[in-house]
Amino acid sequence: ELTKFGSRVLFAATDPSAGTELWLSDGTHDGTVRVRDIAPGPASSDPDDFVDVGGTAFFVANDGVSGEELWKTDGSEAGTIRVRDLVPGPEGSDPEHLTRVGSMLFFAGGTGGTQLWKSDGSEAGTVVVPIGFPDAALPIADPDPDWLTNVDGTLFFSAESGLTVGRELWKSDGTPEGTAIVRNIGPNEDDANPRWLVDVAGTLFFSANGPEGAELWKSDGTLDGTVLVKDIRPGPAGSGPEELVAVGDTLYFSARTADEGQELWKSDGTPDGTVLVKDVYPGPDDGSPRHLTNVYGTLYFWARDPVAGFEIWKSDGTAAGTVRVRDIDPTNVFVPSYLTPAHGLLYFTQNTPSFGRELYRTDGTPEGTALVRNINLNRSGYPEDLVDVDGTLFFYADDGRTGEELWMLTDCGDGAVSPGEECDDGNAIDGDGCDHTCTVTACGNGVVTPPETCDDGNTQDGDGCPSTCIAPVTSTTTTT
């Protein structure tokens, strides 16, 4: 995936001579370079799971000798090294769930049992953090930690806790004595299966299976402070909270009830403050809110209603303020993807019959929701892995000529012509000579900008859109 690394973007890319390896870009041609050929020659190291810890990027890669292991880079070839061969030999330790907590990296990995590890970037400082009970002779053999989440310098996670306890909520400060189960939520040996862990203003919220079924819980890291927030759907099935995200000090999430189906909820951590925001798809059918995203203090997500199908919505936490932004896809079939804040807006991808899957942006209004660019004029450009790097949006896309490559969208609208912009008149208004993509308005560029009524990417006549990009108005006269 694309990952912000300082003022540059770190990513994996493929070329014929080196396979899929580690690359870095500052948004310029000369500044886009392969960092190191980790698996020499055309073989691929397939670097992935990048996490920046204080200017050092940790990631997982396979050099063809040691298997998948933990690596780090400072952005230079010499500074790109394997941290430690955790499992000697070609099998590898398969590190996963890389998570920053302060200046330390935590992750899961190992063979013959997946353990919790921590690393300070040195070989000697990359060690197992034992997960076990104080009165047990040995740590748990295969705790398989998951959902690693940093809350104010404490790592919370889900882990297998033995035959008599099941999968429960744990915490760690990186030391054996500071690694402990928080609470046995699941009855007896049943799994609580904590998931969707998220930090909301210093409090951990999560979904877990208790006696009430799968419901919303919160924790301050203590036994007494780990409590059920609300039994949203009484009975053993539970409401199954998902997609938990913080917007300020409010938690938003998706939950299911018998009367409303799966819809948008919010919580302030109290039973009375845990309420349905809006029944987007009225009645028991599911609105299915997904990809809940904090966009500069406003919640955006995609959901479906009976009128427009799957589209982008926004919410201020009230029913009246929870609205569909715009009906982009008239087929009511395709779902938006890659919701990403940048430039003070929300960027996302959507599929339509006219353009296929392309890049869109919205300021939360219907008129401010538009196609950014029709990247591939013949079919979908498939933009993906959107990431904002200091005002520049990077992403992968396929224009139909060069294959899938790295693209960028600069901070268009700031009044300064940046690399990649043809113009910048200080606004995002179309029809004034410099359109909202900072492209000089021109018929044939594939973007319909007033006074154009069509633009099919060329200036040919006879193909449905004339060379003027103004389609003739057809009138029908009835003679009696």
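Just so it is clear, the values below take in all heavy atoms, side chains as well, and ignore hydrogens, waters and symmetry mates.
Judged purely by distance below 3.5 Å, without hydrogens or angles, the side chains of Thr365 and Asp363 pair a donor atom with an acceptor atom.
Minimum interatomic distance between Arg100 and Leu105 (heavy atoms only, all atoms of both residues): N-CD1, 4.5 Å. Here the closest heavy-atom approach between residue Thr226 and residue Asp220 is recorded as N-OD1, 4.5 Å. Across all their heavy atoms, Lys171 and Phe157 have their closest contact at C-CE2, 3.9 Å.
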> After noting the C-alpha distance and the side-chain angles of Ile312 and Arg326, does the key distance pass the side-chain contact (heavy atoms from CB on, under 4.5 Å) rule?
Replying inline: CA-CA 7 Å; Ile312 293 289; Arg326 180 179 171 183; over 6 Å; no
> So Phe348 and Thr362, side-chain contact (heavy atoms from CB on, under 4.5 Å) or not? Walk me through it.
Replying inline: CA-CA 9 Å; Phe348 60 98; Thr362 183; 4.0 Å; yes
> Are Val101 and Leu148 close enough, and set up right, to give a side-chain contact (heavy atoms from CB on, under 4.5 Å), and what steps lead you there?
Replying inline: CA-CA 10 Å; Val101 180; Leu148 278 63; over 6 Å; no
>> Evaluate Leu409 against Tyr347 for side-chain contact (heavy atoms from CB on, under 4.5 Å), listing each step before the verdict.
In response: CA-CA 11 Å; Leu409 179 69; Tyr347 288 83; 3.3 Å; yes
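Across Asp144, Asp191, Asn193, a single residue satisfies side chain to side chain donor-acceptor pair (under 3.5 Å) together with Arg167, and that is Asp144. When each of Thr274, Asp272, Asp268 is tested with Thr270 by the rule side chain to side chain donor-acceptor pair (under 3.5 Å), just one qualifies, namely Asp268.
Between Tyr396 and Phe11, the ring planes lie perpendicular to each other; the angle is over 60°, past the 30° to 60° tilted range.
A donor-acceptor distance shorter than 3.5 angstrom exists from the side chain of Thr32 to the backbone of Thr28, with no hydrogens or angles considered. The backbone N or O of Pro289 lies less than 3.5 Å from no partner atom in the side chain of Glu263, so there is not a single donor-acceptor pair. Using modelled atom types, one side-chain atom of Glu168 and one backbone atom of Gly186 make a donor-acceptor pair closer than 3.5 Å. Side chain of Tyr360 to main chain of Arg373: no donor-acceptor pair is present (N/O by atom type, distance under 3.5 Å, no hydrogens or angles).
Annotation: the span from Asn458 atom CG to Cys469 atom SG amounts to 8.0 Å, rounded to 0.5 Å. The line from CD1 of Ile375 to OG of Ser380 is 10.5 Å long, rounded to the nearest 0.5 Å. The line from CZ of Phe59 to CG of Asp46 is 11.5 Å long, rounded to the nearest 0.5 Å. Here Asp94 contributes atom CG and Asn62 contributes atom CG; the two are 9.0 Å apart, rounded to the nearest 0.5 Å. Between the OG atom in Ser172 and the CZ atom in Phe156 there is a gap of 10.5 Å [rounded to 0.5 Å]. For the atom pair Leu359 CG and Tyr338 OH, the distance stands at 12.5 Å (nearest 0.5 Å).
Applying the side-chain hydrogen bond (donor to acceptor under 3.5 Å, both in side chains) test to pairs two or more places apart or on separate chains, those with a residue in residues 196-212 are Arg195-Asn209. The list of salt bridge (Lys or Arg N to Asp or Glu O under 4.0 Å) pairs with a residue in residues 295-309, not counting sequence neighbours, reads Asp305-Arg324.
In this structure, Phe395 and Leu393 have side chains that are in contact, with non-hydrogen atoms separated by less than 4.5 Å.
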